[in-house]
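Provided herewith is a single structure, encoded as structure tokens, for subsequent inquiry.
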Amino acid sequence: MRAVVVEQWGGAENLVEREVERPEPGLGEVLVRVHAAGVNPVDWKTRASGALIEWGAVPVVGWDVSGTVEAVGPGVGVFQVGDDVFGMPLFPRQAGGYAEYVVAPARHLAPKPAGLSHVEAAALPLAALTAWQALVDAAHVRPGERVLVHAAAGGVGHLAVQIAKARGAYVIGTASAAKHDVVRQLGADEVVDYRSVRFEDVVGDIDVVLDGLGGETAERSLKVLRAGGRLITLPGPDDVPAVHDGVRATWVLVEPDHLGLREIAALVERGALRPVVETVLPLEEAAKAHEIGEQGRTTGKIVLTVA
Ligand SMILES: NC(=O)c1ccc[n+]([C@@H]2O[C@H](COP(=O)([O-])OP(=O)(O)OC[C@H]3O[C@@H](n4cnc5c(N)ncnc54)[C@H](OP(=O)(O)O)[C@@H]3O)[C@@H](O)[C@H]2O)c1
């Protein structure tokens with residue numbers, strides 16, 4: 001099968017299309033013919049250094065896939081050949097998403113939301129599961145709470161705004177001015193132009209901050225939290241600031257999550273969640289996708305088409 005392999009850890013030019021062996025589904029696994037593969041910052045971060053991830057013999061980046069079940073291994077009860085599925089299998093072990101086929105434990109996938117194309121569905125799993133697991137599972141956002149989403153136009157942020165709204169929260173996003181219309185259309189009640197004001201000067205009494213930026217943004221976010229507030233930071237564990245009494249700060253690492261994917265699909269199907277796909281490129285242009293993504297200015301998601 002065709003796959004984009006990492007020839008050596010480093011720049012995007014190290015992503016090269018190769019013929020590699022097609023994987024076989026084992027016990028409890030399915031083989032998925034990939035139609036579209038989503039691109040995430042972890043793809044280029046791990047391509048750059050190989051760090052954090054358990055790689056297979058041939059390193060293939062990418063976790064987000066949407067496709068069709070081609071074969072099922074022994075013991076799989078939830079899917080049949082021909083089912084359309086989406087998911088983020090195996091993370092943080094290699095899934096090999098930038099390829100024509102992936103093998104996944106069956107419950108690392110869920111039925112693709114009806115009404116979404118494979119390109120749209122491939123934009124969802126990692127970013128939407130991150131937002132879901134951070135806001136719902138870790139921060140327990142409740143109706144009426146005030147939620148601040150940093151980088152609200154980005155891959156995680158634009159889905160987090162919608163998920164927080166669907167949970168009944170009052171949502172404030174940070175984004176540069178050109179992206180305010182998009183963030184408002186996604187449901188944000190307020191948008192702050194982080195380039196012209198310091199967010200902590202104009203935002204306060206926040207129950208939950210979802211921070212996709214880390215560093216000084218995480219530190220400064222403590223100032224806007226009210227008592228009982230929760231800060232969830234995403235870039236890495238070193239971005240978690242030391243907290244004062246009465247608030248919590250944690251790093252959350254996204255996990256494969258069948259039930260979370262079903263919740264996300266249900267939100268899509270009732271019209272409460274939709275991915276924004278800014279850029280679609282063919283698999284062989286994975287290096288270009290990384291170069292665009294690494295600039296850090298994406299609105300929504302970048303997706304590769306595979307079949
Ligand atoms: N822990 C986990 O499991 C996990 C899971 C997913 C992602 N992450 C991490 O979370 C981070 C965000 O991921 P992502 O997929 O959302 O990234 P992304 O899509 O690449 O984010 C791009 C967005 O960031 C915005 N941005 C950049 N600087 C900003 C600032 N100072 N204030 C507000 N917005 C700013 C940009 O908007 P402007 O052009 O307006 O600046 C752009 O829309 C990454 O570091 C990623 O590795 C962690």
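All ligand and atom numbering here is 1-based and tracks the order in the structure. Nothing here was measured: the structure is a model prediction, and the numbers come from that model.
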Problem set entry | NZ/NE/NH1/NH2 to OD/OE distance under 4.0 Å, Arg47 and Glu294 | yes

Exercise. Can you tell which part of His150 has a heavy atom less than 4.0 Å from ligand 1: side chain, backbone, both or neither?
Worked result: neither

Exercise. Does Lys301 have a heavy atom less than 4.0 Å from any atom of ligand 1?
Worked result: no

Exercise. For the side chain of Asp207 and the backbone of Gly229, is there at least one donor-acceptor N/O pair under 3.5 Å apart?
Worked result: no

Exercise. For atom 12 (C) of ligand 1, what is the nearest protein heavy atom, given as residue, atom name and distance?
Worked result: Gly212 O, 3.5 Å

Exercise. Can you tell which of Ala151, Pro41, Gly236 gets a heavy atom nearest to atom 20 (O) of ligand 1?
Worked result: Pro41

Exercise. Under a heavy-atom criterion of less than 4.0 Å, does Lys179 contact ligand 1?
Worked result: yes

Exercise. Given that the side chain starts at C-beta and the backbone is N, CA, C, O, which of these parts of Arg195 lies under 4.0 Å from ligand 1, counting heavy atoms, or is it both or neither?
Worked result: side chain

Problem set entry | Distance filter under 4.0 Å to Ser176 heavy atoms, resulting ligand 1 atoms | 38 (P), 39 (O), 40 (O)

Problem set entry | Salt bridge Glu284-Arg2, side-chain N to carboxylate O under 4.0 Å | yes

Problem set entry | Basic-acidic side-chain contact under 4.0 Å: Asp189, Lys165 | yes

For this session: Output the list of atoms in ligand 1 that are nearer than 4.0 Å to some heavy atom of Val252, sorted by atom number.
Result: 1 (N), 2 (C), 3 (O)

Problem set entry | Heteroatom distance test (Thr299, ligand 1): nitrogen or oxygen, under 3.5 angstrom | no

For this session: Indicate yes or no: does an N/O atom of Val156 lie under 3.5 Å from an N/O atom of ligand 1?
Result: yes

Seminar exercise, completed: So the ring pair (Phe, Tyr, Trp, His ring centres under 6.0 Å) pairs with at least one residue in residues 221-262 (sequence neighbours excluded) are none

Exercise. Ligand 1 and Asn40, any nitrogen or oxygen pair closer than 3.5 angstrom?
Worked result: no

Problem set entry | N or O contact, Gly155 vs ligand 1, cut-off under 3.5 Å | yes

Exercise. Is it true that Arg220 and Glu200 have a side-chain N and a carboxylate O under 4.0 angstrom from each other?
Worked result: yes

For this session: Check ligand 1 against Leu126 and write out every atom of the ligand that is under 4.0 Å from a heavy-atom position of the residue.
Result: 5 (C), 6 (C)

For this session: Could you name the option among Leu234, Thr217, Val183, Thr233 that has the heavy atom nearest to atom 48 (C) of ligand 1?
Result: Leu234

Problem set entry | 4.0 Å heavy-atom contact, Gly296 with ligand 1 | yes

For this session: Could you go through the ring pair (Phe, Tyr, Trp, His ring centres under 6.0 Å) check for His150 and Phe199 one step at a time?
Result: CA-CA 10 Å; His150 286 302; Phe199 65 84; 4.5 Å; yes

Exercise. Looking only at heavy atoms, is any part of Thr130 under 4.0 Å from ligand 1, and if so is it the side chain, the backbone, or both, or is it neither?
Worked result: side chain

Exercise. Hey, would you say the Phe86 and His118 ring centroids sit under 6.0 Å apart?
Worked result: no

